Each structure stands twice: as C-alpha cells, then as structure tokens.
Amino acid sequence: MAIALALAWRLREVLTLIYVSALFAVVLLPVVQAIMDFELRGGRRISRAVAIVLLLACVLLAIGVLFVVGLPPVIRDIHQFAADLPARIPPIVARVKRLPLADKLGVDTIAEKAENALSATAEFLFANFPEWMGRIFDLLTAFVLCVYFMLEGDFAYQWFLSLFAADNRRRLDATLQKAELRMSKWLFGQGLLMLTLGVTSTLVFGLLHVRYFFLLGVLMGLMNIIPIAGGVITILLVGGVAALDSWTKMAGVFLFYLIYVNVENAYLTPRIMRQSVNLMGLTVIVALIAGTALAGVVGALVAVPTAALVAVLMDEYIVHKDKDLQKPTSPPAPTT
C-alpha cells in the first residue's frame, strides 16, 4: 500500500490527466450515443467511431467559423494600432503632464519603465516557453485520451468491474451507472450557464458599443466552462479592449460582470446544477472551492461532476438509511 501511494504521488499529474480525460469521455458519451441512435436510410445506424468523428468535426467547424469571421478585424485593428502607437505616445505624455502633481508622478520616466516592462515580459515568455509547450502537449494528450476512452471505455470499464466479486460487481455497476447519468447531465447544466453568459455578454457589449462585441461575447460564454478563472481572464481582456475607446465603456463592462457573477453564483449556478446533477447549492460551491484548491483550474473544471460521482458513491456505500423511520408506524395490536 505504501509503495502504491508513493507511486500514485509520483504520477499524480499523469493520473490527474487520465481522470480528467475519462471524466469528459463519460460526460460526452450521451452526445455520441444520440448521434449513434440517428437512423439513416434503410434503418442503418452510425458506428461509434463515426459518431465521435462527427462530434469533433462539428466542434472544430464551429470554432473555425468563429475565428474566420471574428479574427480578421481584430488583426487589422491591432496592426493599425501598432503602426499608430509611436505617433500617439507624445500627445498622451503631454496631456498627462498637464495634470496636477504630474511632476511628482515621474511622467518622463513612464515610457522608459514601459519599455523595461515590455522587455521583462518578453524575457519571461521566452524563459517559460518550454513550460507553455508542455501545457499544450498535456492538452493534446488529454484530447487523445478522451477519444480513446470514448472508443474503448466499455472494455476498460468491464475489466475494472472484473476486479470485484460477482455480488459486489452488480452493486457497483448499478451505482456507477447512476453516477454516469448524473455526471452526463452536468454538461447540459454547464452548457446552459455558458449560453446564458454568452448571450447576455454579447447583448451588453453590443449596447456599450465595445469593439468585436460578438467575438468577445462568444469567448465569454466558451470560457465560462472554467469556473471563476475563465470569466476573470476574459473580462480583463474585454475591459482592455473597451479601454481603447473610453474609460466609461471599461467601467460599464466591469460593472456588468460584477452584477452578473453575483447573480450566477447566488442564483443560477446552485439552481441549474441542482436540477441537472441533483446537488445542493452548498455542495456545488464547496466542490468548486475544494477543486480549485486541490488542482487549480483543472480542479475547478471537473469539480461539479466529481462531486456528483462522490455523492452517488457515498449515498450507496456510506450513508446509513433507517428504513424503520421511513415507514409509518402502525398502532399495536390489541391484546386479550
């Protein structure tokens, strides 16, 4: 046992990668099964491999269309901004010098500090390039593992069940099937949260006349699959884009997100997740906090479906249910 625990600790990153891949395979399998249930002419059905290919093709096609439509204006404006930047700096510095206490702020050294900061940022990115490449490799590995789990997960699952005795095997199989049903519903709940944030963000950014409001709104919705961190990263990006036009737009963007995130955390997430995965709002919040503390962004990403799995296992094997208390008591029989 000690050797196994030491080995598991040594391979904790690999085991985390395998667990996340298997979890997403379980979550996506109902979608694959729905594609397989679609009947073609002659009553033929699509095989699992073809269904997985169709699912991945649809996802990649949607992402490709989004970037093809949304990226060209962004790239054009960035190129124009970089070309106009040297001519914009002197007027900005002259305007700042007119402000009160500008001399004490050291306005003349702002450009030099900015250049040093940009140089330090470039050095940081270059020094951490191998780590970023490692993360990209982990992402590709998780993608490949997820595909293999969807293709061959049934064989691995049957082998896992064969490690238990027949009686325990049937009970564990029924419990895991129940857990799979609840975990697969998480995708529906999370998709509903992503759709809500995406539509709301697009409408608000459009009313505020933020540049690339459609692309940024869709990005907000997609990144909402990563609890907390995804929304923070994208709203900072949106705030930076809005600040290029005016500080008022940036303030409006941050005010919208502040209101939305409170509504989502206090109302939407607990109720949607309770209806989809049958978890209490308190359980969802605790799971997100614990998952973030244990594994960062990855932990937050899989916190809710993991909580659903743990809840089913605990309900079956740990929670003690007093059946006598659940039945109505009948009056004692009369004695003679």
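All of these numbers come straight from a predicted model, not from anything done at the bench. For reference, positions follow the sequence shown, starting with 1.
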If you look at every heavy atom in [X] and [Y], which pair is closest and at what distance?
X      : Y      : value
Gly239 : Met250 : O-CG, 3.4 Å
Thr202 : Gly198 : OG1-O, 2.7 Å
Ala287 : Ala307 : CB-CB, 3.8 Å
Leu258 : Val261 : O-CG1, 3.4 Å
Ile225 : Leu301 : O-CD1, 3.0 Å
Leu15  : Ala8   : CD1-O, 3.7 Å

So if you build clusters from Ile, Leu, Val, Met, Phe, Trp, Tyr with side-chain heavy-atom gaps below 4.5 Å, do [X] and [Y] land together?
X      : Y      : result
Phe143 : Val31  : yes
Val218 : Val199 : no
Val20  : Leu145 : no
Trp247 : Val241 : yes
Val59  : Leu195 : no

What is the distance from atom [atom1] of [X] to atom [atom2] of [Y], rounded to the nearest 0.5 Å?
X      : Y      : atom1 : atom2 : value
Leu193 : Phe188 : CG    : CZ    : 10.0 Å
Leu17  : Leu139 : CG    : CG    : 9.0 Å
Leu151 : Cys146 : CG    : SG    : 10.0 Å
Leu55  : Leu60  : CG    : CG    : 9.5 Å

Exercise for review: Apply side-chain contact (heavy atoms from CB on, under 4.5 Å) to the pair Leu29 and Phe149, showing each step before the final yes or no.
Suggested key: CA-CA 10 Å; Leu29 272 178; Phe149 272 119; over 6 Å; no

**Study point:** Residues, nucleotides or ligands: over 12 heavy atoms within 6.0 Å of Ile3 CD1
**Key:** no

Exercise for review: Look at atom CZ of Phe164 and say whether more than 12 heavy atoms of other residues, nucleotides or ligands are closer to it than 6.0 Å.
Suggested key: yes

Do [X] and [Y] come within less than 4.5 Å of each other through their side chains, counting heavy atoms only?
X      : Y      : answer
Arg169 : Leu172 : no
Met220 : Asn224 : no
Val204 : Tyr260 : no
Leu5   : Trp9   : no
Phe160 : Leu176 : yes
Leu23  : Leu309 : no
Tyr157 : Val26  : no
Leu208 : Phe213 : no

Point to revise | Verdict with reasoning, Phe256 to Ser201, per side-chain contact (heavy atoms from CB on, under 4.5 Å) | key: CA-CA 8 Å; Phe256 153 73; Ser201 301; 3.7 Å; yes

**Study point:** Pair Thr196-Glu264, side-chain contact (heavy atoms from CB on, under 4.5 Å): steps then yes or no
**Key:** CA-CA 10 Å; Thr196 303; Glu264 183 181 81; over 6 Å; no

Just by modelled atom types, is the [Y] backbone N or O under 3.5 Å from a matching donor or acceptor in the [X] side chain?
X      : Y      : value
Arg10  : Leu7   : no
Arg48  : Val32  : no
Thr200 : Leu197 : no

Exercise for review: Among Thr234, Val253, Val238, find the residue that satisfies the side chain to side chain contact (heavy atoms under 4.5 Å, CB included) test when tested with Leu216.
Suggested key: Val238

Check your understanding: Side-chain donor-acceptor pair under 3.5 Å between Glu152 and Tyr148, yes or no?
Key -> no

Check your understanding: Does a side chain donor of either Asp37 or Gln33 reach within less than 3.5 Å of an acceptor in the other side chain?
Key -> yes

Exercise for review: Start with the C-alpha gap between Arg171 and Tyr317, add the side-chain angles, then the distance that decides, and say whether side-chain contact (heavy atoms from CB on, under 4.5 Å) holds.
Suggested key: CA-CA 10 Å; Arg171 182 183 180 186; Tyr317 290 99; 3.8 Å; yes

